[in-house]
Amino acid sequence: MADPAVASGGSLNAGGRGSGGKAATSPAENYHLARRRTLQVVVSALLTECGFESAEKAAVETLTEMMQSYITEIGRCAKAYCEHTARSIPTLSDTVVTLIEMGFKADTLPVYAKRSQRMVITAPPVTNAPVTPKALSAGQKRTHPAHIPGHFPEFPDPHTYIKTPTFREPVSDYQVVREKAASQRRDVERALTRFMAKTGETHSLFKDDITAFPLIAAQPSTIPYLSALLPSELELQTLEETDSSEQDDQTDSENAAGNIISDDPGADKENSMLPPGGVVPSAKASEDNVIDNPYLRPVKKPKVRRKK
């Protein structure tokens, strides 16, 4: 059993729902707890008017929940009657119809409000409703034009239908650009060094701890001058493209010569001796196809243009 609490106006120290030993953090929770405490004070005052001197915490919580549910149902029904008549703000008639619908005698309400043993409770301090922070702010919020009724929903936030740029202007300062480029280069070099140190052989400056300050192990070559003599991949690719273009030109010229020979009526006998492709294979082309070593290829003489 809980300890009894004195049921007097504002003196009942009963915690609200959800506030047992846990402080509210958000404004919405603070607003909810403030309303809950106000209802508890009202319930305590009604219990005092009825002759109760004390009440248990569980009983006060139950009565507070019943009163909150009753007030919520009245507001919901009044809102429904209001919207049924194409209005946005409930009136006194909507509230009266709601009370009658819920089985309450509306005629006894003025007599109950003027009772003699009524306890007066000081009004709680006015608290502003929690304001939801806006993520984006763009433009000014529009109001309804004259041809739109006021009970219609408001326009959404301007950032939902106004174009807002989300990009930033590029930095054009020379010093900032140079510092950024140097920082990126340093990060790339550091990442590449760590990758090579983890995937390859390393040496350490300390014999006790091998993982401290690893150094990338040098891989000596048996023929150190070979890399300087061999062409690079780019040079080999350029040579292959040049050879393929020359072979295509030579093939085109041979095809053209074969067509000229076939047009000659006196060369039927010679054409019968040609292969099915109509092209005489040259010895140079066959040699180029066999030789793949760039050092064994024939020397290409530069074309000298004669001045006219």
Side-chain angles (χ1 to χ4, degrees), residues 1-134 150-154 156:
M1 298 293 291
D3 294 337
V6 179
S8 59
S11 63
L12 184 64
N13 187 12
R17 182 176 58 180
S19 61
K22 185 177 181 180
T25 55
S26 62
E29 293 180 357
N30 293 333
Y31 188 68
H32 170 74
L33 292 177
R35 292 184 301 174
R36 186 79 176 184
R37 292 192 186 98
T38 303
L39 289 177
Q40 289 175 354
V41 171
V42 174
V43 170
S44 301
L46 293 176
L47 292 176
T48 304
E49 291 180 6
C50 295
F52 291 93
E53 295 181 355
S54 62
E56 293 182 358
K57 183 177 180 180
V60 175
E61 285 291 331
T62 303
L63 294 175
T64 304
E65 186 68 25
M66 293 174 61
M67 178 176 288
Q68 183 175 352
S69 302
Y70 190 78
I71 295 174
T72 303
E73 184 65 19
I74 291 175
R76 188 189 66 79
C77 294
K79 183 68 174 176
Y81 284 117
C82 169
E83 293 177 350
H84 183 68
T85 55
R87 287 181 286 107
S88 59
I89 301 176
T91 58
L92 180 60
S93 59
D94 298 328
T95 307
V96 173
V97 173
T98 301
L99 293 175
I100 295 174
E101 182 70 20
M102 297 178 65
F104 184 81
K105 296 181 180 180
D107 299 337
T108 60
L109 188 59
V111 179
Y112 179 77
K114 296 178 181 179
R115 63 189 184 279
S116 59
Q117 69 275 16
R118 182 183 62 176
M119 293 186 61
V120 180
I121 302 174
T122 56
V126 179
T127 58
N128 298 326
V131 180
T132 305
K134 296 181 179 179
H151 62 272
F152 273 67
E154 297 181 354

| task | Please list, chain by chain and in numerical order, all residues satisfying side chain to side chain contact (heavy atoms under 4.5 Å, CB included) with Pro153, sequence neighbours excluded. | result |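 With sequence neighbours excluded, Pro153 shows a side chain to side chain contact (heavy atoms under 4.5 Å, CB included) to no residue whatsoever.
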
- Query: Does Gln117 CD have over 12 foreign heavy atoms under 6.0 Å away?
  - Reply: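 Result for CD/Gln117: enclosed.
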
> Does a side-chain N-to-carboxylate-O contact under 4.0 Å join Glu29 and Arg36?
Replying inline: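 Judged by the 4.0 Å cut-off on N to carboxylate O distance, Glu29 and Arg36 do not form a salt bridge.
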
Hey, are the side chains of Glu61 and Gln40 touching, using non-hydrogen atoms and a 4.5 Å cut-off?
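Answer yes - side chains close enough.
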
What I'd like to find out is whether the side chain of Gln68 reaches to under 4.5 Å of the side chain of Thr72, using heavy atoms alone.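 Side-chain contact under 4.5 Å: yes.
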
Which pairs of donor and acceptor atoms, one on a side chain in residues 85-96, lie under 3.5 Å apart (sequence neighbours left out)?
{"unit_1": "Thr85", "atom_1": "OG1", "unit_2": "Tyr81", "atom_2": "O", "d": "3.3"}
{"unit_1": "Thr85", "atom_1": "OG1", "unit_2": "Cys82", "atom_2": "O", "d": "2.9"}
{"unit_1": "Thr85", "atom_1": "OG1", "unit_2": "Arg87", "atom_2": "NE", "d": "3.2"}
{"unit_1": "Thr85", "atom_1": "OG1", "unit_2": "Arg87", "atom_2": "NH2", "d": "2.9"}
{"unit_1": "Arg87", "atom_1": "NH1", "unit_2": "Ile89", "atom_2": "O", "d": "3.4"}
{"unit_1": "Arg87", "atom_1": "NH1", "unit_2": "Asp94", "atom_2": "OD2", "d": "3.1"}
{"unit_1": "Arg87", "atom_1": "NH2", "unit_2": "Asp94", "atom_2": "OD1", "d": "3.1"}
{"unit_1": "Arg87", "atom_1": "NH2", "unit_2": "Asp94", "atom_2": "OD2", "d": "3.1"}
{"unit_1": "Thr91", "atom_1": "OG1", "unit_2": "Ser93", "atom_2": "OG", "d": "3.0"}
{"unit_1": "Thr91", "atom_1": "OG1", "unit_2": "Asp94", "atom_2": "OD2", "d": "3.3"}
{"unit_1": "Asp94", "atom_1": "OD2", "unit_2": "Thr91", "atom_2": "N", "d": "3.1"}
{"unit_1": "Thr95", "atom_1": "OG1", "unit_2": "Thr91", "atom_2": "O", "d": "3.3"}

Between [atom1] on residue [X] and [atom2] on residue [Y], distance to nearest 0.5 Å:
X	Y	atom1	atom2	answer
Lys79	Thr98	NZ	OG1	12.5 Å
Thr48	Glu53	OG1	CD	9.5 Å
Leu63	Ser44	CG	OG	9.5 Å
Met66	Leu39	CE	CG	13.0 Å

Counterpart residues, side-chain hydrogen bond (donor to acceptor under 3.5 Å, both in side chains), relative to Glu101 (two or more places apart) =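 Per chain and number, Glu101 pairs via side-chain hydrogen bond (donor to acceptor under 3.5 Å, both in side chains) with no residue.
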
Exercise for the section: Would you mind listing every salt bridge (charged side-chain N to carboxylate O under 4.0 Å, His left out) that reaches into residues 66-77, with sequence neighbours excluded? Expected result: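 Of all non-adjacent pairs touching residues 66-77, those that pass salt bridge (charged side-chain N to carboxylate O under 4.0 Å, His left out) are Glu73-Arg76.
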
N/O donor-acceptor pairs under 3.5 Å from side chains in residues 106-115, not counting sequence neighbours:
{"unit_1": "Thr108", "atom_1": "OG1", "unit_2": "Lys105", "atom_2": "O", "d": "2.8"}
{"unit_1": "Arg115", "atom_1": "NE", "unit_2": "Glu49", "atom_2": "OE1", "d": "3.1"}
{"unit_1": "Arg115", "atom_1": "NH1", "unit_2": "Tyr112", "atom_2": "O", "d": "2.8"}
{"unit_1": "Arg115", "atom_1": "NH2", "unit_2": "Glu49", "atom_2": "OE1", "d": "3.1"}
{"unit_1": "Arg115", "atom_1": "NH2", "unit_2": "Glu49", "atom_2": "OE2", "d": "3.3"}

